[in-house]
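Report on the structure given below.
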Amino acid sequence: MNPQEISIPVPWGHIAAKTYGDNTRPAVLCVHGIQDNCDTFVTLLPSLPDDYYYVCVDLPGHGRSDHFPAHVPLEFTNYLAAIKWVMDHFGWAELAYLGHSFGGQLGSWLAGVYPERVRCLIVLDTMGPRSVDMCDTLAAVRSRIENAQSLHRRHCGRQPPSYTFDEAVGKMMASRPSKLTDKSARILAGRALAHVDGNDNNDKYTFASDQRLKLAFYPLMTFDQQKQILIGIVCPVVFVLADENCGRYSTYLKDAYEFNSQRPNVTIRVVSGDHDVHLNYPDRVIKHVADFLQEHYKN
């Protein structure tokens with residue numbers, strides 16, 4: 001499948017995307033995690049069935065997409081709304097959704113809020129966004145505002161640091177909690193970096209991602225509130241979890257894991273690897289994704 005670069009207009013600018021396959025076939029929307037980009041799926045897609053039209057987006061503030069308007073804290077629901085803008089741009093009545101990490105969290109909410117438009121949901125190594133305990137609500141709201149303003153002041157008028165491509169790849173690998181192979185880091189860097197001064201002949205790059213992505217912006221909701229959205233998911237769902245990352249499901253995603261484990265429309269699969277197993281070792285994930293699509297999403 002040869003990818004095609006496209007630009008999707010949205011009220012604040014554009015969302016960049018890559019498409020694979022025939023646009024007359026059933027749509028599969030592919031959405032990456034925080035501070036990644038649409039190329040997180042580039043090693044997985046070639047082995048998926050060619051019966052579908054895959055659209056891989058760069059979320060706002062990622063890759064080659066425009067950022068959300070400046071100076072305000074990021075909000076989870078604004079990213080959900082961005083997904084809705086993409087769906088409406090294509091006029092899709094329904095789709096299959098494939099999401100990794102934050103992209104998978106958005107997919108869970110999308111399937112709960114718009115159940116009539118999601119035929120099946122494939123989530124890679126997450127269970128849902130964090131929740132906020134009732135007693136922490138006040139402090140969380142205050143910190144969102146204070147941290148966003150502090151970040152803006154630190155970066156206002158300052159030129160971002162620049163790196164050679166190899167230096168930037170090294171920085172990505174060193175700073176990431178999960179392990180990227182050198183090949184995977186170079187794949188993501190191809191869309192994560194921008195030439196200094198926009199000169200393609202310059203060998204210096206800056207990171208193009210929105211700095212606000214370093215701050216918390218999961219929903220300010222208790223898990224009981226989130227459940228009111230998640231119980232709306234009626235489509236078949238598969239969670240493909242990485243065994244090296246499963247500690248998260250006994251800590252801050254414990255409630256989501258317990259909730260989803262009891263749902264009759266949910267299947268949970270565990271594969272060997274860490275959070276980026278789908279990119280580093282796609283052969284461990286392909287069968288679960290391909291089989292699920294073929295079983296639950298046909299014309």
Side-chain angles (χ1 to χ4, degrees), residues 1-6 16-33 36-59 62-63 86 90 92 94-104 106-107 111 118-126 169 172-173 176 178-192 235-245 266-299:
M1 294 183 285
N2 294 322
Q4 301 293 319
E5 288 276 352
I6 64 168
K18 292 170 76 171
T19 68
Y20 299 76
D22 183 345
N23 65 7
T24 64
R25 292 178 175 172
V28 180
L29 182 61
C30 308
V31 184
H32 61 80
D36 286 350
N37 55 66
C38 70
D39 277 348
T40 193
F41 299 107
V42 77
T43 61
L44 184 65
L45 284 171
S47 297
L48 293 184
D50 59 6
D51 307 328
Y52 305 99
Y53 179 54
Y54 299 92
V55 177
C56 304
V57 297
D58 289 334
L59 288 169
H62 297 76
V86 172
F90 285 100
W92 291 328
E94 60 180 12
L95 52 75
Y97 187 105
L98 168 62
H100 171 241
S101 193
F102 177 60
L106 290 170
V118 182
R119 279 274 296 276
C120 64
L121 174 63
I122 303 164
V123 178
L124 305 180
D125 207 45
T126 190
V169 168
M172 288 177 65
M173 294 179 70
R176 194 177 182 93
S178 56
K179 306 180 196 71
L180 285 173
T181 64
D182 181 74
K183 177 183 175 182
S184 295
R186 289 177 182 278
I187 288 171
L188 292 177
R191 289 183 81 86
C235 68
V237 183
V238 63
F239 291 96
V240 182
L241 307 180
D243 63 356
E244 294 178 27
N245 205 29
V266 169
T267 301
I268 297 174
R269 301 285 184 240
V270 178
V271 299
S272 174
D274 72 358
H275 191 52
D276 295 299
V277 62
H278 70 288
L279 175 60
N280 291 331
Y281 307 106
D283 55 297
R284 302 178 189 178
V285 175
I286 285 165
K287 177 175 173 56
H288 299 299
V289 176
D291 288 355
F292 193 79
L293 277 174
Q294 297 283 60
E295 180 178 357
H296 297 290
Y297 191 36
K298 297 178 180 177
N299 277 336

Side-chain touch Leu279/Leu180, heavy atoms, less than 4.5 angstrom:
yes
Work out which heavy atom in Arg191 is nearest to a heavy atom in Ala17; give both atom names and the distance.
NH2-N, 4.5 Å
Among His62, His100, His278, ring-ring contact (aromatic ring centres under 6.0 Å, His included) partner for His32:
His62
Flag the pair Asp125 / Val240 as yes when at least one side-chain heavy-atom distance between them is below 4.5 Å, and no otherwise.
no
Would you say the side chain of Leu45 lies within less than 4.5 Å of the side chain of Cys56, judging by non-hydrogen atoms?
yes
Would you say the side chain of Val55 lies within less than 4.5 Å of the side chain of Tyr20, judging by non-hydrogen atoms?
no
May I ask you to test the Thr40-Leu188 pair for a side-chain heavy-atom distance under 4.5 Å?
yes
Drop me the distance from Leu98's CG to Tyr297's OH, to the nearest 0.5 angstrom.
12.5 Å
Could you tell me whether the side chain of Arg119 and the main chain of Lys298 form a donor-acceptor pair under 3.5 Å?
yes
At their closest point, which heavy atom of Leu293 faces which heavy atom of Ala96, and how far apart are they?
CD2-CB, 3.8 Å
May I have the step-by-step check of side chain to side chain contact (heavy atoms under 4.5 Å, CB included) for Leu48 and Val289, ending in yes or no?
CA-CA 8 Å; Leu48 293 184; Val289 176; 3.8 Å; yes
Atom of Val57, atom of Cys38 and distance for their closest heavy-atom approach
O-CB, 3.3 Å
Quick one: do Arg269 and Asp291 make a salt bridge, cutoff under 4.0 Å?
no
What are the two closest non-hydrogen atoms of Ala242 and Asp274, and how far apart are they?
CB-O, 3.1 Å
Salt bridge or not for Lys18 and Asp39, using N-O below 4.0 Å?
yes
Under a 4.5 Å cut-off applied to non-hydrogen side-chain atoms, are Tyr97 and Cys120 in contact?
no
Please find the pair of heavy atoms, one from Phe90 and one from Ile6, that lie closest to each other, and give the distance.
CZ-CD1, 3.6 Å
Does any non-hydrogen side-chain atom of Glu244 lie less than 4.5 Å from one of Lys179?
yes
Derivation and outcome, side chain to side chain contact (heavy atoms under 4.5 Å, CB included), residues Val237 and Thr267
CA-CA 6 Å; Val237 183; Thr267 301; over 6 Å; no
Is it the case that Ser184 and Asn280 place a side-chain donor and acceptor less than 3.5 Å from each other?
yes
Interatomic distance, OG1@Thr181 vs CD1@Ile187, rounded to 0.5 Å, equals 7.0 Å
Say you draw a straight line from OG of Ser272 to CG of Asp243; how long is it, rounded to the nearest 0.5 Å?
4.5 Å
Using only heavy-atom distances, determine whether the side chains of Asn37 and Asp58 contain a donor-acceptor pair under 3.5 Å.
no
Do the ring planes of Tyr54 and Tyr52 sit parallel (below 30°), tilted (30 to 60°) or perpendicular (above 60°)?
perpendicular
Would you say that Trp92 contacts Leu29 through its side chain, given a criterion of any heavy-atom pair below 4.5 Å between the two side chains?
yes
With rounding to the nearest 0.5 angstrom, report the CD1 to CZ distance, Ile122 to Phe239.
11.5 Å
From CA spacing to verdict: side chain to side chain contact (heavy atoms under 4.5 Å, CB included), Leu124, Val285
CA-CA 9 Å; Leu124 305 180; Val285 175; 4.0 Å; yes
Kindly compute the distance separating OG1 (Thr126) from CZ (Phe102), expressed to the nearest 0.5 Å.
10.0 Å
CZ of Arg284 to CG of Leu44, rounded to nearest 0.5 Å, is 13.5 Å
If I compare all heavy atoms of Met172 with all of Ala189, which pair ends up nearest, and what's the gap?
SD-CB, 3.8 Å
So, the side chain of Asn23 versus the backbone of Tyr53: is there a donor-acceptor pair under 3.5 Å, distance only?
no
Out of Val277, Asp276, Asn245, which residue meets the side chain to side chain contact (heavy atoms under 4.5 Å, CB included) rule with Ser178?
Asp276
